[in-house]
There are 2 protein chains.
Amino acid sequence: MSDLLRRLRGRGWRMTSQRRVVAEVLAGDHVHLTADEVHLRAAARLPEISRATVYNTLGELVALGEVVEVSTVGRAKRYDPNARNPHQHLVCSGCGTVRDVHPGGDAIGDLPEEERFGFAVGSVEITYRGLCPACA
Amino acid sequence: MSDLLRRLRGRGWRMTSQRRVVAEVLAGDHVHLTADEVHLRAAARLPEISRATVYNTLGELVALGEVVEVSTVGRAKRYDPNARNPHQHLVCSGCGTVRDVHPGGDAIGDLPEEERFGFAVGSVEITYRGLCPACA
DNA sequence: ATCCTACGATGGACTTCGTCCAAGTCAAGA
DNA sequence: TCTTGACTTGGACGAAGTCCATCGTAGGAT
Ligand SMILES: [Mn+2]
Ligand SMILES: [Mn+2]
Ligand SMILES: [Zn+2]
Ligand SMILES: [Zn+2]
């Protein structure tokens, strides 16, 4: 979305074809790509783009809060551009499919004071696991 | 704990010095070691133990449900022997310290039916992030 | 429109984490 | 004690990610 490009320009970003293509690849919600998948799709539009640039750009987008890194068990990190809409993930233990979900409740509030050990708790990441209809 | 060793023997495990040492390293709760940390500590007691054996043994313990893999954002997996006591984790964004926590509430129940997309949801992993007192 | 330069891109070396395999070793049942 | 298949080993291999010297260019200055 050019919304993103506008914000980035406002932040003093030099607008290069590489950064534009990476931003385009990440357009849309419900996108949870690995760095290599981003590189593959970006290279379809801009064949010379390097892996290093994709990693650099993704890291910058994460630092700016425009993209969220989703943690995994052993597999490659996934990059989620749906950062303005707080949400959690439902992952299929079989095929690895990821879906965005919005649980009710107040996860942070559910952590009792005496279980915080003096930490300043700022965020919570929740991963639901199970088998999708296709894998069941 | 030899409790663990007894259960493993009951499961038909051949009891080797390597497996015994890995089990000893994992004794206790509130342990969240990487595979390399397990190898380091195991090698202090049994210098010839190989990395491959540590990985094999950890994988077997996970398959048996005696140890839980804790997901990370990009860093090495952590192995948690506190598998019989369901709990969640509080992680310091600064130094990476991990603490066991027991949030109230019912995280799985908080996921509305219409957000399950037909999945058979079996488990939920919650990671609280923030700065520990030392890092703040 | 052209110039300048600091910021960004590149690709290849390197690191970390983890898997795989052929060969050797040994736990434990006969 | 013997036998054997399960287990261990070290090194090669692979996947994911970082680093860096060098080159290219976006965009402000003239
Ligand atoms: Mn998402
Ligand atoms: Mn734990
Ligand atoms: Zn599935
Ligand atoms: Zn800390």
Side-chain angles (χ1 to χ4, degrees), chain A residues 2 5-25 32-64 66-80 96, chain B residues 2 5-6 8-25 32-43 45-64 66-80 96:
Chain A
S2 59
L5 294 181
R6 195 170 316 117
R7 282 199 299 277
L8 295 176
R9 201 169 289 133
R11 301 243 205 181
W13 259 35
R14 184 172 293 186
M15 194 45 53
T16 66
S17 54
Q18 293 85 350
R19 285 172 166 179
R20 207 182 331 267
V21 163
V22 169
E24 282 168 14
V25 165
H32 305 91
L33 298 172
T34 64
D36 270 332
E37 287 166 351
V38 171
H39 181 233
L40 200 70
R41 297 186 187 200
R45 290 164 159 273
L46 187 67
E48 330 79 76
I49 193 172
S50 71
R51 283 189 346 117
T53 293
V54 170
Y55 275 105
N56 288 341
T57 306
L58 289 173
E60 290 155 359
L61 289 170
V62 169
L64 292 176
E66 298 288 351
V67 165
V68 171
E69 292 180 343
V70 178
S71 54
T72 60
V73 204
R75 280 191 272 270
K77 274 184 225 173
R78 298 200 164 264
Y79 291 89
D80 185 344
Chain B
S2 60
L5 294 181
R6 195 169 316 115
L8 296 176
R9 200 169 291 134
R11 302 244 205 179
W13 259 33
R14 183 171 294 188
M15 194 46 53
T16 67
S17 54
Q18 292 86 349
R19 285 172 167 177
R20 205 181 334 265
V21 164
V22 169
E24 282 168 13
V25 166
H32 305 92
L33 298 172
T34 65
D36 270 333
E37 288 166 350
V38 172
H39 181 232
L40 200 69
R41 298 186 186 201
R45 290 165 160 272
L46 188 67
E48 329 81 75
I49 193 172
S50 70
R51 283 189 345 118
T53 293
V54 170
Y55 275 105
N56 287 342
T57 305
L58 289 173
E60 290 155 0
L61 289 170
V62 169
L64 292 176
E66 298 287 352
V67 165
V68 171
E69 291 179 344
V70 178
S71 56
T72 60
V73 203
R75 278 191 272 270
K77 273 184 224 173
R78 298 199 164 263
Y79 291 88
D80 186 344

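Numbered from 1 within each chain, the chains take letters A, B, ... in sequence-line order.
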Shortest side-chain distance from B/Ala35, nucleotide among C/dA6, C/dT10, C/dG18
C/dG18
Can you tell me how far the CD atom of A/Glu66 sits from the OG1 atom of A/Thr57, to the nearest 0.5 Å?
13.0 Å
Touch class at under 4.0 angstrom, heavy-atom based, for A/Thr53 against every strand present
base
Qualifying residue, where the test is side-chain contact (heavy atoms from CB on, under 4.5 Å) with B/Ile49 and the options are B/Thr16, B/Val38, B/Val22
B/Val22
First encountered from the 5' end of DNA chain D, between B/Gly74 and B/Asn56:
B/Asn56
Check: A/Arg19 side chain, C/dG8 base, donor-acceptor under 3.5 Å
no
From C/dC17, C/dT10, C/dG18, nucleotide with atom closest to A/Ala52 side chain
C/dT10
Kindly compute the distance separating CG (B/Leu33) from CZ (B/Arg41), expressed to the nearest 0.5 Å.
4.5 Å
Give a yes/no on whether any side-chain N or O of B/Tyr55 is located under 4.0 angstrom from OP1 or OP2 of C/dG18.
yes
Mind listing the closest non-hydrogen atom pair of A/Tyr79 and A/Thr34 along with its distance?
CD1-C, 4.4 Å
Any non-hydrogen side-chain atom of B/Leu61 less than 4.5 Å from a side-chain atom of B/Leu8?
yes
DNA chain D: 5'-most and 3'-most nucleotides touching chain B, 4.0 angstrom heavy-atom criterion
D/dG5 to D/dG10
Identify whether any heavy atom of B/Ala76 sits under 4.0 Å from a base atom; if not, whether one sits that close to sugar-phosphate; answer base, sugar-phosphate or nothing.
sugar-phosphate
